[in-house]
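Okay, so here's the structure we're looking at.
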Amino acid sequence: MTSADELRSRYVEELRRDGLLGGDDLVRAFGMVPREEFVASGFDGGDGRWIGPDDPDFLSLVYRNHPLVTKVADGVPVSSSSQPSLMAAMIESLELRPGSRVLEIGVGTGYNAALMATMGARVTTMDIAPDVVERAEVALRRVGLAGAVDVRLGDGYLGVPADAGYDRVVVTVGVTGVSPRWLDQLTPDGYLLAPVEHAGNHPVLRIRPGGPGMAEARGELRAGFMSAAGPLAARYPGAHPAPRRTGALPPPTVRHPHRWHPPLDVFRYHDLWFAVGAWDRRTTFAAGPAGGWGGPGGCTLLDELHGGGAGLLADGSVQAAGPSAARYAADVLALRDRWVARGEPLISDWTARLVPAGDPDQPILVPSGWIQR
Ligand SMILES: C[S@@+](CC[C@H](N)C(=O)[O-])C[C@H]1O[C@@H](n2cnc3c(N)ncnc32)[C@H](O)[C@@H]1O
């Protein structure tokens, strides 16, 4: 047994033990597809190193439950192999059968397409970047899956109309709304999964076509994704503010103590965050200065006009800054308590209708009026 095989077996075992790999088909696919072949041009080690196959840590870093950034442009990650547990959860949500026809948006490394093809799906996948498409094609050929996955170059917004009749569309890049073309290209009982920007995050939504003007979205999974290029990332009036990175907020001047001890775990915190975003359009991701606002940042009501706002932490405490700090803090407290009073709904407890937004020539469909089921 090679060291890659051993590491892959251990990785599958660990994902399974942590409850992150569901059905047998998924376990088998993760055990068969060599992830290292899909990142053969290396990836960002996160410490300034580019890790290639010659690096002694290459295989051990490949076989961890981590995303691997495989392309960076102007300091921004633009292509990757997503986090394995997230890929597994999305594939599980696709409820694939042998022969299912899947359109994937964002081929990236090709690893996700390879997993789905190994489970018997017929996969068409597209990516906007020619170098990414070329590398994915080489990798798929190397592992003997070239015939099972059809790789296309182009803006995913368009889909592949000539091959319409997909059972599933799966979007593996963050979008601000979904393309109406995808809905047109689904079979009548098909559905699509897409990470649609909501309150500064990219939760995965399950979307069913449902006839003209009747498409419906339902929250499905907590997730983080890099953003798409082109019309799929259009900003539109009434959207949540774009996420703000470290240092975007001044030090807090108003503080309210915690409500939960221990703090909510990452899943419950994202359930709370989703609800706050469903109720209040000012919600986004924001980070304050190091040492303030509880570290890496999180759910924040942003005061876009005056450069401040109020952040809600996983223990339910609130920190606020800016000229309207006290009012923003009170608003966040009210939203937090409303979530509790409503029975602490999950992401999957929310539905919304989809309405057109963005460029009228290339509209996207965005969720409007979230309702707790
Ligand atoms: C997170 S990666 C995809 C991960 C991939 N499915 C995997 O598992 O290896 C996102 C990909 O989306 C592509 N992308 C960005 N905007 C796009 C667009 N408008 N249409 C198609 N692909 C796009 C990027 O080039 C990038 O390769």
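Note that these values count all heavy atoms, side chains included, but never hydrogens, waters or copies made by symmetry. For ligands, and for the atoms within them, numbers begin at 1 and follow the listed sequence.
- Annotation: Ala229 places an N or O atom under 3.5 Å from an N or O atom of ligand 1; distance criterion only.
- Residues Val69 and Phe38 fall into different hydrophobic clusters, defined by Ile, Leu, Val, Met, Phe, Trp and Tyr side chains chained together at heavy-atom separations under 4.5 Å.
- Scanning the protein heavy atoms around atom 10 (C) of ligand 1, the nearest turns out to be Thr172 O, 3.6 Å.
- Closest to atom 9 (O) of ligand 1, if we only count protein heavy atoms, is Thr109 OG1, 2.7 Å.
- At under 3.5 Å, not a single nitrogen or oxygen of Met87, backbone or side chain, sits near a nitrogen or oxygen of ligand 1.
- A donor-acceptor contact closer than 3.5 angstrom links the side chains of Tyr191 and Glu95.
- Here Trp339 and Trp273 keep their ring centres 6.0 angstrom or further from each other.
- Closest protein heavy atom to atom 8 (O) of ligand 1: Asn112 CB, 3.2 Å.
- Proximity of Met90 to Met116: side-chain heavy atoms (C-beta onward) are nowhere separated by under 4.5 Å.
- Scanning all protein heavy atoms for the shortest distance to atom 13 (C) of ligand 1 gives Asp127 OD2, 3.3 Å.
- Looking at ligand 1, you'll find an N or O of Gly106 within less than 3.5 Å of one of its N or O atoms.
- Looking only at protein heavy atoms, the nearest one to atom 20 (N) of ligand 1 is Gly156 N, 2.8 Å.
- Ligand 1 has no atom lying under 4.0 Å from any heavy atom of Lys71.
- For the pairing with Glu344, the salt bridge (charged side-chain N to carboxylate O under 4.0 Å, His left out) check across Arg259, Arg338, Arg268 returns one residue only, Arg268.
- A ring-centre distance under 6.0 Å is found for Phe274 and Trp370.
- Interatomic distance, Asp24 CG to Arg16 CZ, rounded to the nearest 0.5 Å: 7.5 Å.
- Residue contact check: Ser82 has heavy atoms under 4.0 Å from atoms 1 (C), 4 (C), 8 (O) of ligand 1.
- Taken to the nearest 0.5 Å, the CZ atom of Arg222 stands 8.5 Å off from the CG atom of Asn201.
- The proximity of Leu232 to ligand 1, defined as any non-hydrogen pair under 4.0 Å, is limited to the side chain.
- Ligand 1 is approached by Gly110 to a heavy-atom distance shorter than 4.0 Å.
- Looking at Ser227 next to ligand 1, no N or O pair under 3.5 Å apart turns up.
- Residue Met32 is not grouped with residue Tyr63 when hydrophobic side chains (ILVMFWY) are merged at heavy-atom distances under 4.5 angstrom, including chains of intermediate members.
- In summary, of the residues considered (Glu220, Arg168, Arg206), a side-chain hydrogen bond (donor to acceptor under 3.5 Å, both in side chains) with Ser93 occurs for Glu220 alone.
- Contact atoms of ligand 1 toward Glu104: 6 (N) (distance under 4.0 Å to a heavy atom of the residue).
- Close N/O approach between Ser80 and ligand 1 is found [any backbone or side-chain N/O within under 3.5 Å].
- Side-chain contact between Glu137 and Leu140: absent, with no pair of heavy atoms (C-beta onward) separated by less than 4.5 Å.
- In this structure, a donor-acceptor pair under 3.5 Å is present between the side chains of Arg35 and Ser81.
- In the candidate list Asp155, Ile128, Val170, Ile128 is nearest to atom 23 (C) of ligand 1, counting heavy atoms.
- Of all atoms in ligand 1, numbered sequentially from 1 with element shown, those under 4.0 Å from a heavy atom of Ala228 are 15 (C), 16 (N).
- Put simply, part of Ser81 is less than 4.0 Å from ligand 1, judged by heavy atoms.
- For atom 5 (C) of ligand 1, the nearest non-hydrogen atom of the protein is Val107 O, 3.3 Å.
- Judged purely by distance below 3.5 Å, without hydrogens or angles, the side chains of Asp167 and Ser100 never pair a donor atom with an acceptor atom.
- Of the heavy atoms in Val78, only backbone atoms (N, CA, C, O) come closer than 4.0 Å to ligand 1.
- Proximity of Val132 to ligand 1, defined as any heavy-atom pair under 4.0 Å, is confined to the side chain (atoms from C-beta onward).
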